[in-house]
Amino acid sequence: MSTQCDVAIIGGGPVGASLALALRDSGLNVCVLESRPAGTASSDARALALSYGSRLLLERLKVWDALQDVSAIRTIHISQKQSFGHTVLHAEELEVPELGYVLPYPALQDALIAALQHSDVASIYGASVTCLLGETDHAVIGYQHDGIEHTLLASLAVVADGGKLLAEQYPPKVHDYGQSALITHITCSLPKLNTAFERFTPQGPLALLPFKAGYELVWTAPHQRAQEMLTWDDAGFLHELQSHFGDRVGEFLSVGKRTIFPLGLRRAPQQTPMPHTVLLGNAAQTMHPVAGQGFNMGLRDAWELALEILDAKPEEIGTEAMLAAYRSDRRTDREMGIRFTDGLVRLFSNDLPLVSVGRAAALTALDCLPFVKRFVAKRMMFGANG
Ligand SMILES: Cc1cc2nc3c(=O)[nH]c(=O)nc-3n(C[C@H](O)[C@H](O)[C@H](O)COP(=O)(O)OP(=O)(O)OC[C@H]3O[C@@H](n4cnc5c(N)ncnc54)[C@H](O)[C@@H]3O)c2cc1C
């Protein structure tokens with residue numbers, strides 16, 4: 001392995017791997033450093049809702065057709081508990097074949113890794129990056145592999161590690177929503193084909209994402225309550241879910257293994273904190289999953305960074321001019337995505353009576369105003385840059 005490269009990607013998660021694929025066959029020397037050992041399947045339990053825009057990008061990366069176990073979303077039903085207002089989005093009215101897709105995180109990860117294995121990108125598994133310095137001419141990356149310390153110089157270091165490596169040096173702005181997400185698979189007596197449900201309740205949002213014959217459930221609750229929900233027996237859990245969600249999909253019949261994730265908004269103060277360095281995906285912004293925007297935005301980060309890199313001459317890669325162009329490309333989409341997601345959580349996670357009436361009116365108005373609905377849905381599918 002050479003000790004110099006054009007682009008070093010720290011973290012081969014879904015966002016880092018997508019960037020690597022966007023750069024394959026470019027003639028650039030690209031290296032991915034991933035701390036997970038080779039051949040270990042991801043055990044991450046979360047399901048991801050991908051937007052139609054992400055499908056188009058994954059098609060360009062030649063990964064879409066290899067994805068196993070994808071269920072389509074053609075209708076999204078949005079409502080709030082104990083209130084009259086609701087909105088329904090249909091794929092046809094937005095002139096797209098599907099609004100989005102649901103698949104397990106490991107299925108996406110496996111397809112990306114398989115595509116990388118057949119590419120000219122050098123992927124090093126079991127390589128844990130321990131330090132990163134941005135110097136005048138390049139970034140210096142220190143990592144451990146097989147118990148040995150290595151150093152790699154890169155024109156551009158892309159930090160796509162989920163957000164730990166530089167957190168101490170450049171502390172992110174953090175907002176703790178005081179909520180965790182409980183995720184699991186459920187089945188019910190009357191599943192609605194290709195229909196996702198987003199229900200806002202005072203304890204937090206609840207989403208049912210259609211997957212195979214049932215639904216992937218994302219149920220947010222205050223941390224303590226979410227811990228308790230892990231301990232309920234299946235019958236008690238299904239009973240509580242029924243009273244929380246209602247009977248739109250009939251009776252809830254079974255529940256799979258339950259896992260919880262603490263939620264917060266975490267944003268790095270700068271996307272390019274030091275010379276020859278850029279943060280990507282969750283390392284740049286970690287959002288509440290309420291609007292299913294995290295990976296979708298990370299993928300757009302990766303795509304637009306790849307375009308900047310491919311547009312640059314080799315000696316321009318990682319320069320301040322290139323990084324400034326990337327920051328400018330991503331500013332609006334990033335800001336709008338963070339504000340939209342954060343606003344939804346804050347607006348809908350309380351039970352103030354006046355606010356509740358206003359929200360119901362807003363959901364009804366959204367349902368009656370096709371052009372506003374179109375605007376919001378297109379933002380969610382394609383981001384602010386279109
Ligand atoms: C409950 C839940 C539901 C979600 N639902 C959705 C959804 O429906 N739609 C959506 O778009 N998003 C969703 N998200 C967000 C989505 O999961 C993330 O945005 C996405 O996983 C970010 O990918 P990433 O590659 O940036 O980071 P990660 O997935 O965290 O990957 C980081 C990678 O870096 C590696 N790594 C870490 N440290 C090092 C190191 N020091 N050296 C080398 N490698 C390292 C890790 O092993 C890992 O492989 C959800 C999140 C949660 C918690």
Side-chain angles (χ1 to χ4, degrees), residues 8-20 31-38 40-51 53-55 57-58 73 76 100-106 108-110 112-113 123-132 141-145 150 152 157-167 177 179-184 196 198 204-205 207-209 211 216-220 226 258-266 268 279-302 337 341 380-381 383:
I9 302 171
I10 301 167
V15 173
S18 298
L19 172 68
C31 175
V32 178
L33 300 168
E34 166 56 49
S35 54
R36 257 180 307 114
T40 45
S42 168
S43 58
D44 202 302
R46 80 189 88 168
L48 295 177
L50 301 188
S51 66
S54 289
R55 174 194 173 141
L57 291 181
L58 291 169
I73 302 174
I76 303 178
Y101 308 87
V102 182
L103 83 172
Y105 177 106
L108 175 64
Q109 185 75 300
D110 290 350
L112 291 164
I113 289 173
S123 299
I124 309 179
Y125 290 90
S128 193
V129 174
T130 49
C131 68
L132 171 62
I141 299 157
Y143 67 95
Q144 280 199 345
H145 188 236
H150 298 262
L152 176 65
V158 180
V159 183
D161 70 327
K164 292 199 196 89
L165 183 63
L166 297 180
Y177 295 112
Q179 292 178 344
S180 293
L182 181 147
I183 58 166
T184 188
E198 183 81 59
L208 289 185
L209 306 170
F211 186 63
E216 292 296 321
L217 170 70
V218 184
W219 188 356
T220 51
R258 292 168 240 164
T259 310
I260 56 173
F261 291 83
L263 304 176
L265 168 62
R266 195 174 165 285
L279 308 187
L280 209 64
N282 268 24
Q285 65 275 319
T286 303
M287 293 182 280
H288 194 291
V290 61
Q293 288 291 298
F295 170 70
N296 292 302
M297 182 173 297
L299 182 59
R300 298 198 293 273
D301 281 349
T341 302
M380 288 178 69
M381 281 189 292

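Whatever order the structure lists them in is the order used to number ligands and atoms, beginning at 1. Side-chain atoms are counted along with the backbone in the values below, which use heavy atoms only and exclude waters and symmetry mates. By convention here, the first residue in the shown sequence is residue 1.
Put simply, the side chain of Arg258 does not reach to within 4.5 Å of the side chain of Ile183, judged on heavy atoms. Put simply, the side chain of Asp44 reaches to within 4.5 Å of the side chain of Phe261, judged on heavy atoms. Counting only heavy atoms from C-beta outward, the side chains of Leu50 and Arg55 never approach each other to under 4.5 Å. Asp301 has its side chain within reach of Gln285: a pair of non-hydrogen atoms, C-beta onward, lies under 4.5 Å apart. Counting heavy atoms from C-beta on, the side chains of Pro205 and Gln179 come closer than 4.5 Å. By the 4.5 Å heavy-atom criterion applied to side chains, Thr341 and Met297 are not counted as neighbours. Side-chain atoms of Asn282 and Val15, non-hydrogen and from C-beta on, never get closer than 4.5 Å to each other.
Atom 36 (N) of ligand 1 has Ser35 OG, 3.6 Å as its closest protein atom, hydrogens excluded (heavy atom only). Taking atom 26 (O) of ligand 1 as the reference point, the nearest protein heavy-atom neighbour is Asn282 N, 2.9 Å. If you check which protein heavy atom lies closest to atom 41 (N) of ligand 1, you get Val129 O, 3.1 Å. The nearest heavy-atom contact from the protein to atom 51 (C) of ligand 1 is Arg46 NH1, 3.4 Å. Counting protein heavy atoms only, atom 4 (C) of ligand 1 is closest to Pro289 CB, 3.6 Å. The nearest heavy-atom contact from the protein to atom 37 (C) of ligand 1 is Asp161 O, 3.3 Å. Distance from atom 48 (C) of ligand 1 to its nearest protein heavy atom, with residue and atom name: Glu34 OE1, 3.6 Å. Shortest contact from atom 34 (O) of ligand 1 to any protein heavy atom: Gly11 CA, 3.3 Å.
Here Ile10 contributes atom CD1 and Leu132 contributes atom CG; the two are 5.0 Å apart, rounded to the nearest 0.5 Å. Put simply, CG on Leu280 and CG on Asp161 are 10.5 Å apart, with the number rounded to the nearest 0.5 Å.
Closest non-hydrogen pair, Ala45 versus Thr259, comes out as CB-OG1, 3.6 Å. The minimum heavy-atom distance between Val32 and Ala20, with the atom names listed, is CG2-CB, 3.7 Å.
The N/O atoms of Ser128, backbone and side chain alike, include none that comes under 3.5 Å of an N/O atom in ligand 1.
The ligand atoms of ligand 1 that sit less than 4.0 angstrom from a heavy atom of Gly281 are 26 (O). Atom numbering of ligand 1 starts at 1 in the shown order; those under 4.0 Å from a heavy atom of Ala47 are 5 (N). Of all atoms in ligand 1, numbered sequentially from 1 with element shown, those under 4.0 Å from a heavy atom of Gly162 are 27 (O), 30 (O), 32 (C). If you number the atoms of ligand 1 from 1 as listed, the ones under 4.0 Å from a heavy atom of Tyr105 come out as 21 (O), 28 (P), 29 (O), 31 (O). Proximity to Val15 (heavy-atom distance under 4.0 Å) selects the following atoms of ligand 1: 23 (O), 24 (P), 25 (O), 26 (O). Near Gly13, with a cut-off below 4.0 Å to any heavy atom, the atoms of ligand 1 are 25 (O), 31 (O), 33 (C), 49 (O). Of all atoms in ligand 1, numbered sequentially from 1 with element shown, those under 4.0 Å from a heavy atom of Leu33 are 43 (C), 44 (N). Interface of Gly294 with ligand 1, defined as ligand atoms under 4.0 Å from a residue heavy atom, comprises 10 (C), 11 (O), 12 (N), 15 (C), 19 (O).
Under 4.0 angstrom from ligand 1, the non-hydrogen atoms of Ala127 all belong to its backbone. With a 4.0 Å cut-off on non-hydrogen atoms, Ala49 touches ligand 1 through its backbone as well as its side chain. Looking at Phe295 against ligand 1, both its backbone and its side chain come within 4.0 Å, counting heavy atoms. In Ala160, the part holding a heavy atom less than 4.0 Å from any atom of ligand 1 is the backbone.
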Residues Leu58, Leu108; criterion side-chain contact (heavy atoms from CB on, under 4.5 Å); working and verdict: CA-CA 10 Å; Leu58 291 169; Leu108 175 64; 4.2 Å; yes

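Taking the side chain to side chain donor-acceptor pair (under 3.5 Å) definition, one finds that Asn296 meets it with Ser51, Ser54, sequence neighbours left out. For Ser18, there are no side chain to side chain donor-acceptor pair (under 3.5 Å) partners two or more places apart in sequence or in a different chain.
Within the structure, ligand 1 has Gln293 among the residues with a heavy atom less than 4.0 angstrom away. At a 4.0 Å cut-off, not a single heavy atom of Ser51 sits close enough to ligand 1 to count as contact. In this structure, Leu48 is part of the shell of residues with a heavy atom less than 4.0 angstrom from ligand 1. Residue contact check for ligand 1: Leu165 places no non-hydrogen atom closer than 4.0 Å to it.
Ring orientation note: the planes of Tyr143 and His150 are close to parallel, at an angle under 30° on the 30°/60° scale.
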